[in-house]
Amino acid sequence: MSVSVLSPQTIHTLHMPVDLELKFANGPEWPDIVNSLKPGLHRRGFDISEPLCLDWYNESVPEGSGASIPTTRGSRGGETLVILIANSKNMWPSFLQACKTDSSLLAVADPLDGYVEHSIQSTIHSSLPGHKCRYFWSHRQSNELSGSRYVAIQRMAQAAGLAYMDPNSHLCLHPKFGPWIALRCALVFDGTQYTGPRKTPLVNRLSPSTEQYVQMAMKSAQRKPSMDLENAGKWNASDCSETGTNSACCAA
């Protein structure tokens with residue numbers, strides 16, 4: 001495995017299976033793209049993904065923030081397909097194994113970011129050969145954006161119905177994994193229209209007592225950044241988990 005970005009020349013040398021060539025001859029529909037990417041993403045530990053319309057995200061971004069993703073010539077406009085990619089703690093075994101088998105991964109400035117970029121790009125090239133998309137990484141600035149140049153990926157998660165953005169903790173709460181998720185990347189497929197239904201917005205599933213603890217912790221942190229969070233961080237992730245259990249390891 002190499003953490004370097006694949007060049008266009010390398011991409012064109014990849015062999016396209018006959019079934020994929022026929023399937024994408026006239027351009028893939030959004031369900032084909034989503035279903036083709038999921039197996040490869042899951043193998044690499046990215047077990048959470050959600051499609052949405054570009055407009056849903058852009059409408060969620062505060063006006064003047066510069067975080068809106070622009071459309072391109074030939075795109076489907078506001079109905080352009082976007083896929084938000086994230087992971088739970090299930091990414092860690094794949095990442096740690098990659099660190100053991102590929103010494104070049106440990107030579108980059110941030111091995112985790114390198115693994116994220118290489119894994120997602122490799123999945124695109126192998127699952128959708130010859131198909132292009134734009135990448136907006138949560139950890140990297142984009143020249144296509146203004147302002148801070150970062151995509152507002154938490155707002156995107158809420159717009160997609162993937163997670164609830166809690167205004168007190170400033171964390172995204174997933175209905176199964178609670179806050180133990182990491183939002184990694186938004187893929188924009190300019191030539192593909194998303195026609196799927198919009199999910200009902202998620203609501204805050206924290207109990208009143210847990211929500212109160214969160215508010216107390218945030219206020220205390222603002223007053224005294226070096227505070228001991230042992231007592232302030234008593235929020236129960238089972239409030240927002242379908243399984244009623246909490247991960248012992250943060251996904252981020």
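Basis for what follows: all heavy atoms, side chains included, without hydrogens, waters or symmetry-related copies. Remember, predicted model here, so these are calculated numbers, not experimental data.
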Is a side-chain donor or acceptor of E144 paired with a backbone partner of P70 at a separation under 3.5 angstrom?
no
What are the two closest non-hydrogen atoms of M218 and N168, and how far apart are they?
CG-O, 3.1 Å
If you define the side chain from C-beta out and look only at heavy atoms, does anything of E29 sit under 4.5 Å from I33?
no
Salt bridge between K199 and E50, side-chain N to carboxylate O under 4.0 Å?
yes
Between T123 and F46, is any pair of side-chain heavy atoms under 4.5 Å apart?
no
Is any side-chain heavy atom of I69 closer than 4.5 Å to one of R134?
yes
Is Q141 reaching over with its side chain to a backbone N or O of S148, donor-acceptor style, under 3.5 angstrom?
yes
Look only at the side chain of S75 and the backbone of T71, and say whether a donor-acceptor pair between them is shorter than 3.5 Å.
no
Ignoring hydrogens and angles, tell me if any N or O in the side chain of S60 forms a donor-acceptor pair with the backbone of Y57 under 3.5 Å.
yes
Check whether the side chains of R43 and S94 place a donor and an acceptor atom closer than 3.5 Å, and report yes or no.
no
What closest approach, in Å, do T80 and D190 show between heavy atoms, and which atom pair accounts for it?
CG2-CA, 3.7 Å
Is it true that D113 and R140 have a side-chain N and a carboxylate O under 4.0 angstrom from each other?
no
Side chains of L105 and F95 in contact at under 4.5 Å (non-hydrogen atoms):
yes
State whether a side-chain donor-acceptor pair under 3.5 Å links E117 with H139.
yes
Using a 3.5 Å distance criterion without hydrogens, assess whether the side chain of S122 forms a donor-acceptor pair with backbone atoms of S119.
no
As an exercise, state the distance from SG of C185 to CG of L41, rounded to the nearest 0.5 Å.
9.5 Å
Return the minimal non-hydrogen interatomic distance between S68 and N58, and the atom names on each side.
CA-OD1, 3.3 Å
Can V116 be reached from L106 by stepping across I, L, V, M, F, W or Y side chains whose heavy atoms are under 4.5 Å apart?
no
How many angstroms lie between atom CG of N204 and atom CG of L173, to the nearest 0.5 angstrom?
6.5 Å
What's the shortest heavy-atom distance between R184 and M91, and which atoms?
NH2-CE, 3.7 Å
Going from CD on Q154 to CG on L84, what distance comes out if it is rounded to the nearest 0.5 angstrom?
11.0 Å
Between L202 and P175, the two heavy atoms sitting closest are CD1-CD, 3.9 Å
Check the pair V188, C133 against side-chain contact (heavy atoms from CB on, under 4.5 Å), reporting the backbone distance first and the verdict last.
CA-CA 5 Å; V188 179; C133 71; 5.9 Å; no
More than 12 heavy atoms of other residues, nucleotides or ligands under 6.0 Å from CD of Q215: is that the case?
yes
Please name the residue in the list I85, N87, L162 that meets the side-chain contact (heavy atoms from CB on, under 4.5 Å) test with L183.
L162
Under 4.5 Å between any side-chain heavy atoms of Q121 and Y135, yes or no?
yes
Yes or no on side chain to side chain donor-acceptor pair (under 3.5 Å) for T192 and R76, after CA distance, side-chain angles and deciding distance?
CA-CA 6 Å; T192 303; R76 296 306 182 102; over 6 Å; no
Under 3.5 Å, is there a donor-acceptor pair between the side chain of D102 and the main chain of A98?
no
Please walk me through it: do W137 and Y150 pass ring-ring contact (aromatic ring centres under 6.0 Å, His included)?
CA-CA 8 Å; W137 307 101; Y150 284 101; over 10 Å; no
Indicate yes or no: at least one non-hydrogen side-chain atom of M156 is less than 4.5 angstrom from one of V82.
yes
Between the OH atom in Y164 and the CG atom in L171, the distance rounded to the nearest 0.5 Å is 12.0 Å
Quick one: do D47 and S88 satisfy side chain to side chain donor-acceptor pair (under 3.5 Å)? Show the steps, please.
CA-CA 7 Å; D47 52 346; S88 67; 2.5 Å; yes
Rounded distance (nearest 0.5 Å) linking atom NE2 of H42 with atom CG of L37
10.5 Å
Decide yes or no for M165 and C172: does some side-chain heavy atom of the first lie under 4.5 Å from some side-chain heavy atom of the second?
yes
Audit row: H131, F189, ring-ring contact (aromatic ring centres under 6.0 Å, His included) steps and yes/no:
CA-CA 9 Å; H131 201 73; F189 293 86; 5.8 Å; yes
Could you pull out the closest heavy-atom pair between S138 and I153, with the gap in Å?
CB-CD1, 3.8 Å
Is any side-chain heavy atom of D55 less than 4.5 Å from a side-chain heavy atom of E79?
no
Is Y115 reaching over with its side chain to a backbone N or O of C99, donor-acceptor style, under 3.5 angstrom?
no
